[in-house]
Protein chains: 2
Amino acid sequence: MIDSIHAYNARMATKGGKQTLSDDVRARLRADILSGRLLPGYRLKFPTLSARYDVSVSVLREALVRLAEQGLVQSEPHQGFLVTPLSRENLTELTEARIELETLVLRRSVTEGDLAWESQLVAAHHTLERTPYTAQGDDDRVDDCWSVAHADFHKALLDGCANRRLLQMALGLRDEAELYRRWSQPLGDEPSRDLAGEHRALLDAALARDPQASADALCTHVRHTTELLLSAADRLDQQRAPSS
Amino acid sequence: MIDSIHAYNARMATKGGKQTLSDDVRARLRADILSGRLLPGYRLKFPTLSARYDVSVSVLREALVRLAEQGLVQSEPHQGFLVTPLSRENLTELTEARIELETLVLRRSVTEGDLAWESQLVAAHHTLERTPYTAQGDDDRVDDCWSVAHADFHKALLDGCANRRLLQMALGLRDEAELYRRWSQPLGDEPSRDLAGEHRALLDAALARDPQASADALCTHVRHTTELLLSAADRLDQQRAPSS
DNA sequence: CGATCACAAACTTTCGAAACTCTATTGACT
DNA sequence: AGTCAATAGAGTTTCGAAAGTTTGTGATCG
């Protein structure tokens, strides 16, 4: 809630209030979904949301329609909207699509990226490296700052791709995947994983301008993440149905 | 997104036309744009459209927002919507993206497609082959039936891809490209081009389950089309500014 | 003559309520 | 008891108008 208010103010400050209300609400909804304040599968009722964001249904509809087109929420005719539910099939399909598209864009990025791209990438990696994974005092909850730094690093990786259309599609898929990352976090205890190492490998391959090595590193990174999520889901299922 | 499309189709099949007004208007707008009844760059004013489709602004907004997310129209805050204007840069970027994504999906399709896919593909090709390119009595205007058959054939080609997400993205790009095809048609006189031969080559490579050959054939096909469009645009520019 | 400001017209965006659709519950009937 | 129909309640979709923004016009001043 606080965060979304901050995001709101920031937006207002930078763009000088020139956006439409709908843009703003869409951004706040997106943030609330990605950060886990709105749960996957949750039904998004207009009366509730209307009170929460203090806008009319028209504005909400417009925002939701856009998020639906993007895949973050789903629309059922005459039954409204719901946050896209998580499922193994969806995660598997999403991961497959991400690997294809993201590696494609990354290859282009490391080939086409200029000096400004390189510099931004180095900066993003530096930030990520120095941001603690877990917030202090709460060891099994990933820090929001780290999530932001992580997303920024991956965006910086791809950002060299001159074809904005391909880039946007790849980023859209990353957004959807972020939903799953969020929800696996409380399941906690990643088996010893060298995340920093994987990111370092990505950075090195990119700076070396090696498309193949970059793509391989990214593929490993994404696959690894998905495997952990799937096994976490399995564990959760077992907890729910201990013996039948 | 995929799921909601499935849900939508299921609903249509079972319930018989119970979609929302907005869905309907979106489809009509999309058809009007792709068929050239609404020109690229044309400003879409609410009062006009409201009268044309006999609906209120709310449903128009919703339909337009969805088309904007899809790329067929653009939205300028506080200045409404316009049909996405044509430009060389946009066409070039679009073509590049299409080649990457469509070949990717086609490779998967010819690898994963089952017998039903094969059969549908053969059927689509047969229809296309027997549909005349130009309507009778009007030699320099491509027949609408042919356009439909052409789109169906290309969709059938890609439809074997099991990953619906990748498939939908590829089809979305094809939709946008269709805008350009429509507008090059009145410029007419395609230099002697063996379109039927290119389609036959695509069919053969696909049925032979040869991913590389299929991708190559598609790449040639798409590149060729874009080159013709670009040269047609050049000719048009020269006509407009004969000597300065 | 040119620039600037105020004003008006046209349009976009947002709102609140009316119309309509789904869901769950109650009550009647077999 | 079990099934089905009617109905009330909750929620979604659509509408028409109010509020707000941009654009074009014309008058005033330098």
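Order of the sequence lines sets the chain letters (A, B, ...), proteins ahead of strands, with each chain counted from 1. Just the heavy atoms: all of them, side chains too, but no hydrogens, waters or symmetry mates, feed the values below.
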Within this structure, what is the CD-to-P distance between Gln19(A) and dT21(D), rounded to whole angstrom? 14 Å
Arg181(B) and Glu178(B) ion-paired at < 4.0 Å: yes
Strictly by modelled atom types, are Ser147(B) and Asp144(B) linked by a side-chain donor-acceptor pair under 3.5 Å? no
Let me know the distance between CG of Leu60(A) and P of dC15(C), rounded to the nearest Å. 9 Å
Would you confirm whether Glu112(A), through its side chain, and Ala162(A), through its main-chain N or O, come within 3.5 Å as a donor-acceptor pair? yes
Give me, pair by pair, the N or O atoms of the protein and of nucleotides 8-12 of chain C that are less than 3.5 Å apart, along with how far apart they are.
residue, atom, partner, partner atom, Å
dC11(C), O3', Arg43(B), NH2, 3.4
dT12(C), OP2, Phe46(B), N, 2.9

Just how far, in rounded Å, is P of dT14(C) from CD of Glu62(B)? 15 Å
Interatomic distance, Tyr42(A) OH vs dG11(D) P [rounded to whole Å]: 11 Å
Output all residues satisfying salt bridge (Lys or Arg N to Asp or Glu O under 4.0 Å) with Arg61(B), sequence neighbours left out; order by chain, then residue number. Glu62(A)
Only pairs at least two apart or in different chains count here, so list each salt bridge (charged side-chain N to carboxylate O under 4.0 Å, His left out) that has a residue in residues 80-90 of chain A. Arg88(A)-Asp234(A), Arg88(A)-Asp237(A)
Measure CG/Leu49(B) against P/dT13(C) and give the value in whole Å, please. 13 Å
Quick one: does any side-chain atom of Thr48(B) pair with a main-chain N or O of Leu44(B) as donor and acceptor, under 3.5 Å? no
